[in-house]
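Only one structure is covered here, and it is reproduced in the block below.
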Amino acid sequence: MSDEKVRVRIAPSPSGNLHIGTARTALFNFLFAKKMGGEYVLRIEDTDLDRSSEEYKQNIFDSLKALGLNWDEGPDVGGNYGPYKQSERFDIYPKYAQMLIDKGYAYECFCSNEDLDKEHEIAKENKVPYKYSRKCLNLTEAEKAELKAKGIKPSIRFKVDYKELIFNDLVKGELKFDTSLIGDFAIMKSNGTPTYNFAVVVDDMLMNITHVIRGEDHISNTPKQILIYEALGAKVPKFGHLGMILAPDRSKLSKRHGATAVSDFIKEGYLTDALLNFVALLGWAPSDGVEIKDVDAIAADFRINELSSSNSIFEYEKLNWMNGQYIKKMDISALTDLALPFLNMYDTNKYTRKQLEHIIEITREPITLLKDLVFDTQYFFETPNYDEVKELLNSELSKDVLEKFRQDIENYNLDDYEDIHNKLADFRTYFKEQKGYKPKETMWAVRAALTGRTKGADMAAIIQLLPKEEIINRLNIVKAL
RNA sequence: GCCCCCAUCGUCUAGAGGCCUAGGACAACACCCUUUCACGGUGUAGACAGCGAUUCGAAUUCGCUUGGGGGUACCA
């Protein structure tokens, strides 16, 4: 074992918002670095200028930060191996490409897209796997000069020779490839920018990356990349390929299945801690069976070689449950900070901060998403619409109960929860003993009158929070129904 | 088509030859608790894809089949 410092990276391409799958890859890299006492770097892979945007890049930054997956080195924080954006590194790739040409590992290719398309077509017609024809492999200097004189800009291809390539994947174990099946692939585009496979290798090499942990959609890129490392005379990092996250129909997780971007989940009211915890469980299992754990605890228990090598399906049920668990346990002040933006359609100024926290406190229990609060807290901010409970309120029982409640409420000490709670208990007992009303029936009448609902938070707490004039007002509205 | 990866309850998974009449979590269902919804508690139902081989013994090893996923670009 070498004693070199572990360095991992997460290398998203800013062609979309941060995907939940990328977030999981980032998490596993983060966990591995943490566990190994290593460094975790963020690199933006924007070699495809057309598909990259500043907006997506910002979304990636924001989402990663929201999740707490902060990087040790990256485009914004810098580091000793920058720049960390491939578009700012365009001057360094051609040097290495030229080096490969000089050493005979690569060559210039003047084929046009049309030429290449034709080759693809022919291969398809003959039902034979496509491989580049190597038409440009043996061009003479004179021929190349002539082509260049015509203004044709060459791409650069890596010359792939036959070889059986074996590497030991951190999560999958031994993987074998026959490189004779791989055609000579491009490493530099004719426009002078590097292709993905080349840029990754050059950057990972220059940034001293020791472990490449990524999705298994990159497995087939790995042999190409190893070939490049070897040609460059660089040390090949260790690779670990994670199973993919699939939608419930086993297809790729996409927008039509619901949220896919971390920022979408946050908008719906998922807590980042819950999201992270849930996604960690896709492929990783705690050794003590306790599934709810913070990142530090997960990192302490993290072993990359014990990750599951199969794909996993993203189901919302467990995420929702977990989110509910986090909401229930979260510090109330912090939770209120997160919840308030979801309540911006209401005039929250009606209440003090303390009262708002109290409202959140008593309504948090049954919810799974922060946005559920919109409905569940509505009656604190708006006079209810009684359509749903009209029938209930018009029953003899309810009229009877509310008649007494209207009188009793005058004797409640509305500042004192205990007093309200006890008086309500007596109230129930009274109707049970005198009229045989079930406790829940008695409470339904009160609840319906005050909230327009048959379910909701603790009644005593609601009475304590609602302004007295609003209670009277609602009682009067109901009476007139 | 060709190459590669994967395969335990509906889902996430535990399981690294006998500890497995396969364990946990979510979801489902039932009951209990209860001022409602919920939370919590208790319990029920639910899986080793199929076939061969190795072995005294296989969910665990090997092979084939099937199924799913990925790749096959001058996209990343």
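Proteins get letters first, then strands, A, B, ... in listed order; numbering begins at 1 in each.
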> Which parts of nucleotides 33-38 of chain B does protein reach within less than 4.0 Å, heavy atoms only, written one letter per nucleotide 5' to 3' as B for base, S for sugar-phosphate only and - for none?
Replying inline: --BBBB
> Within the side chain of Tyr386(A), is there an N or O that forms a donor-acceptor pair under 3.5 Å with the backbone of Ala449(A)?
Replying inline: yes
> For A59(B), which nucleotide is its Watson-Crick or G-U wobble mate, given both distances must be under 3.5 Å?
Replying inline: none
>> Just the rounded figure in Å: distance from P of A76(B) to CD of Glu45(A).
In response: 9 Å
>> Would you say Ser312(A) places a side-chain N or O within less than 4.0 Å of OP1 or OP2 belonging to U13(B)?
In response: yes
Considering only nitrogen or oxygen atoms on both sides, find all protein atoms under 3.5 Å from nucleotides 22-28 of chain B and state each distance.
| from | atom 1 | to | atom 2 | distance (Å) |
| --- | --- | --- | --- | --- |
| G24(B) | N2 | Glu291(A) | OE2 | 3.3 |
| A25(B) | O2' | Glu291(A) | OE1 | 2.7 |
| A25(B) | O2' | Lys318(A) | NZ | 3.3 |
| A25(B) | N3 | Lys318(A) | NZ | 3.3 |
| C26(B) | O2' | Glu317(A) | O | 3.4 |
| C26(B) | O2' | Lys318(A) | N | 3.1 |

Could you list all N or O pairs between the protein and nucleotides 68-73 of chain B that sit under 3.5 Å apart?
| from | atom 1 | to | atom 2 | distance (Å) |
| --- | --- | --- | --- | --- |
| G69(B) | OP1 | Arg250(A) | O | 3.4 |
| G69(B) | O2' | Asn311(A) | ND2 | 3.1 |
| G71(B) | O2' | Ser220(A) | OG | 2.7 |
| A73(B) | OP2 | His120(A) | NE2 | 2.7 |

>> Parallel, tilted or perpendicular: which one describes the rings of Phe265(A) and Phe314(A), with boundaries at 30° and 60°?
In response: tilted
>> By the 4.0 Å heavy-atom rule, please label Ile187(A) as base, sugar-phosphate, or nothing.
In response: nothing
>> As an exercise, state the distance from CG of Leu275(A) to OG of Ser63(A), rounded to the nearest 0.5 Å.
In response: 10.0 Å
>> Quick check with a 6.0 Å cut-off and a 45 degree axis cone: is Lys371(A) positioned over the face of Phe342(A)'s six-membered ring?
In response: no
> For the pair made of CG in Asp301(A) and P in A14(B), what is the distance, rounded to whole Å?
Replying inline: 12 Å
> Within 45 degrees of the axis of the six-membered ring of Tyr379(A) and under 6.0 Å from its centre: does Arg453(A) put its NZ or CZ there?
Replying inline: no
> Does a side-chain N-to-carboxylate-O contact under 4.0 Å join Asp204(A) and Arg9(A)?
Replying inline: yes
> Taking CG from Asp288(A) and P from G15(B), how many angstroms apart are they, rounded to a whole number?
Replying inline: 13 Å
> Who are the salt bridge (Lys or Arg N to Asp or Glu O under 4.0 Å) partners of Glu306(A), not counting sequence neighbours?
Replying inline: Arg303(A)
> Heavy atoms under 4.0 Å, any strand shown: does Cys111(A) hit a base, just sugar-phosphate, or nothing?
Replying inline: base
> Just how far, in rounded Å, is C1' of C6(B) from CG of Leu242(A)?
Replying inline: 13 Å
> Contact class for Ser15(A) vs. all strands (heavy atom < 4.0 Å): base, sugar-phosphate, or nothing?
Replying inline: nothing
>> Considering only residues two or more places apart or on different chains, which pairs with a residue in residues 84-93 of chain A satisfy salt bridge (charged side-chain N to carboxylate O under 4.0 Å, His left out)?
In response: Lys85(A)-Glu88(A), Arg89(A)-Asp203(A)
> How would you label the contact of Ser190(A) with the nucleic acid (heavy atoms, under 4.0 Å): base, sugar-phosphate, or nothing?
Replying inline: base
>> Applying a 4.0 Å non-hydrogen cut-off, can you work out what Glu108(A) is touching in the nucleic acid: base, sugar-phosphate, or nothing?
In response: nothing
> Contact class for Ser155(A) vs. all strands (heavy atom < 4.0 Å): base, sugar-phosphate, or nothing?
Replying inline: base
> NA contact type, Gly283(A), heavy-atom cut-off 4.0 Å: base, sugar-phosphate, or nothing?
Replying inline: sugar-phosphate
> Between Lys189(A) (NZ) and C74(B) (C1'), how many Å, whole number?
Replying inline: 7 Å
>> Tell me the interatomic distance from Ile166(A), atom CD1, to C5(B), atom P, rounded to whole angstroms.
In response: 12 Å
> Taking for each residue the nucleotide of RNA chain B bearing the nearest heavy atom, is the 5' side occupied by Trp284(A) or by Met188(A)?
Replying inline: Trp284(A)
>> Expressed as a whole number of angstroms, how long is the span from Arg214(A):CZ to C5(B):P?
In response: 16 Å
> Should the pair Phe431(A) and Tyr437(A) be assigned to parallel (<30°), tilted (30 to 60°) or perpendicular (>60°) ring geometry?
Replying inline: parallel
>> Give me each pair satisfying salt bridge (charged side-chain N to carboxylate O under 4.0 Å, His left out) with a member in residues 274-290 of chain A, each pair once, sequence neighbours excluded.
In response: Asp288(A)-Lys293(A)
>> Taking any heavy-atom pair under 4.0 Å as a contact, classify Phe278(A): base, sugar-phosphate, or nothing.
In response: nothing
